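All remarks here apply to the structure that follows.
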Amino acid sequence: MNCAKGKQCRIVVFPLPFQGHINPMLQLASILHSRGFLISVVHTLYNSPDPSKHPHFAFHPISDGLSESPDSAPDPVRIIKLINLNCLQPFRQCLHALLSHGDVKCLISDANWYFTSSVVDALSLPRIVMRTSSVGAFLAFAALSLLRAKGYLLDRDSKMEEPVEEVPPLKVKDMPAIEMYDAEDAYKNIAKMVEETKKASALIFNTFEEFELPEIRRLHEQFASPTFAIPFHKCFSAASSSLLAQDRSSISWLDNQPPKSVLYVSFGSVAAMDTGKLREVAWGLADSGHRFLWAVRPGLVHSSEWLEMLPSGFSEATSGRGIIIKWAPQQEVLSHPSVGGFWTHNGWNSTLESICEGVPMICSPFFGDQLVNARYVSDVWRVGINLEGGLERGGIQEAITKLMDEKEGEEMRKRAMMMKEKIDVGLKMGGSSCSALDELIDFISSFQRVAG
Ligand code: UDP
């Protein structure tokens, strides 16, 4: 490693303060630490990670002007905009202090921290952007401005099934369109994120190259910086960066279930639904007759503490074959031999964690890149059933039966297992992910900072 004599080099990482962003950033940091780098984690007070779970990293909190308590149903668009404004000054000071104390090689910043670009430029520090979505989803975000200008996203309801030729295989209904009161503002932020990503020294994606070859090719046509594709979940667990306590009783319950008999159900850390939808989910599970492990995060249901809105009769109907917990040790659950399927919102981490364990999916995307991921899972990789009809008990029951009992589900399971095996091979010496990691280490080591 190319550092000052007798010294270790430091990398500064700056995760966005959401579970789906903190996990992959700290996994990447663990990988880099295992390769000899010192790690400094700059983080907001909002959704702050627990330093005691990562004793080998140095943590540097910065003020963000937000409440410190984790939100059970956060509004990411609003928060991303606010923290990009509020963190500029504190981040600059923090980085300045870090640079004055040692040999910092680069900043690895979440793509959504677009303000960091001007800060590092002024300090002559290289900035690598880590994008926590798939490459396909990133291209969909990068195409949004053009697609809006072409009118694709106007009158969306009438053309939902139309293909979007700029970002195959996506249809209009898969586009991460933003439908909210200050959508204009949100689109501006996405455009800034894309623009500042173009200026980065390199891009890192938590993905597996062989699954996204056409997308990576298209990425290179639009983004000149070198790109590194590495599936982090296979290298380090995300358990240590969990913001909520993971309920390990689920593992002992799984230990007593037959092989591949349990459907694991979770909609991640941000998605939320109304009581009507919760009831459809509950009756779909009950009517399917299948075993299930359901992670119901407090905040999953609007205006509800936890389980008080479950329909009466649900517990009796599912007694002995299903349990509900608040938050699961998800990777461990997915790797458990009793789990045969994952009903997911298709956040990218959940999608990749499922593929990494060879578990086929039922897809219920809520918003953003989840829509894109669900399309790839169902139509490109064919390892899942997309619940296109939404959360409705009849469709849910049908999908569960198909996935867990029928030949179609079995075929998906086989394909998911093949994807898992490919990832395993990719991480071995000479495999694409292993080589990408070696190249990333060489790339970072080659940085020579001109003191600014
Ligand atoms: N997760 C978990 N326990 C749960 C549900 C989710 O540990 O009960 C973890 C999961 O393993 C993943 C992250 O939370 O790493 C969720 O990220 P994802 O991108 O799937 O979705 P998001 O929460 O960002 O919508």
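One-based numbering along the sequence shown. Treat the numbers as computed from the prediction; the structure is a model and nothing was measured. Note that ligands are numbered from 1 as they come in the structure, with each ligand's atoms numbered from 1 the same way.
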(request) Report yes or no: does a heavy atom of Phe18 sit under 4.0 Å from some atom of ligand 1? (result) no

(message) I'd like to know if His233 contacts ligand 1, where contact means a heavy-atom distance under 4.0 Å to any ligand atom.
(response) no

Side chain, backbone, both or neither: which part of [X] comes within less than 4.0 Å of ligand 1 when only heavy atoms are counted?
X      : result
Arg297 : neither
Ala328 : both
Gln246 : side chain
Trp348 : backbone
Asn23  : side chain

Considering the heavy atoms of [X], write down every atom of ligand 1 situated less than 4.0 Å from one of them.
X      : value
Ala295 : 8 (O)
Ser266 : 5 (C)
Gly268 : 23 (O)
Tyr264 : 4 (C), 5 (C), 8 (O)

(message) Checking Asn346 against Thr351: is there a side-chain donor and acceptor pair closer than 3.5 Å?
(response) yes

Counting only heavy atoms, tell me which of [options] gets closest to [atom].
atom                    : options                        : value
atom 16 (C) of ligand 1 : Gly347, Ser350, Ala271         : Ser350
atom 15 (O) of ligand 1 : Glu353, Gln330, Gln370         : Glu353
atom 2 (C) of ligand 1  : Trp294, Phe232, Trp327, Phe367 : Trp327

(request) Could you tell me the residue and atom name of the protein heavy atom closest to atom 24 (O) of ligand 1, and the distance to it rounded to 0.1 Å? (result) Gly20 CA, 3.4 Å

(request) Answer yes or no on whether Arg127 is positioned over the face of Phe14, meaning its NZ or CZ is under 6.0 Å from the six-membered ring centre and within 45° of the axis. (result) no

(message) Are any of the N/O atoms on Thr351, whether in the backbone or the side chain, positioned under 3.5 angstrom from an N/O atom of ligand 1?
(response) no

(request) Would you check the N or O atoms of Ser269, main chain and side chain alike, for any that come under 3.5 Å of an N or O of ligand 1? (result) yes

(message) Check this for me, if you would: do Glu410 and Arg413 make a salt bridge, where the nitrogen-to-carboxylate-oxygen distance has to be below 4.0 angstrom?
(response) yes

(message) So which atom in Pro76 and which in Phe18 form the shortest heavy-atom distance, rounded to 0.1 Å?
(response) CA-CZ, 3.6 Å

(request) Assert yes or no for the condition that the ring centre distance of Tyr376 to Phe211 is strictly below 6.0 Å. (result) no

(message) Taking side chain to side chain contact (heavy atoms under 4.5 Å, CB included) as the criterion, tell me which of Thr132, Ile108, Asn206 meets it with Met25.
(response) Ile108

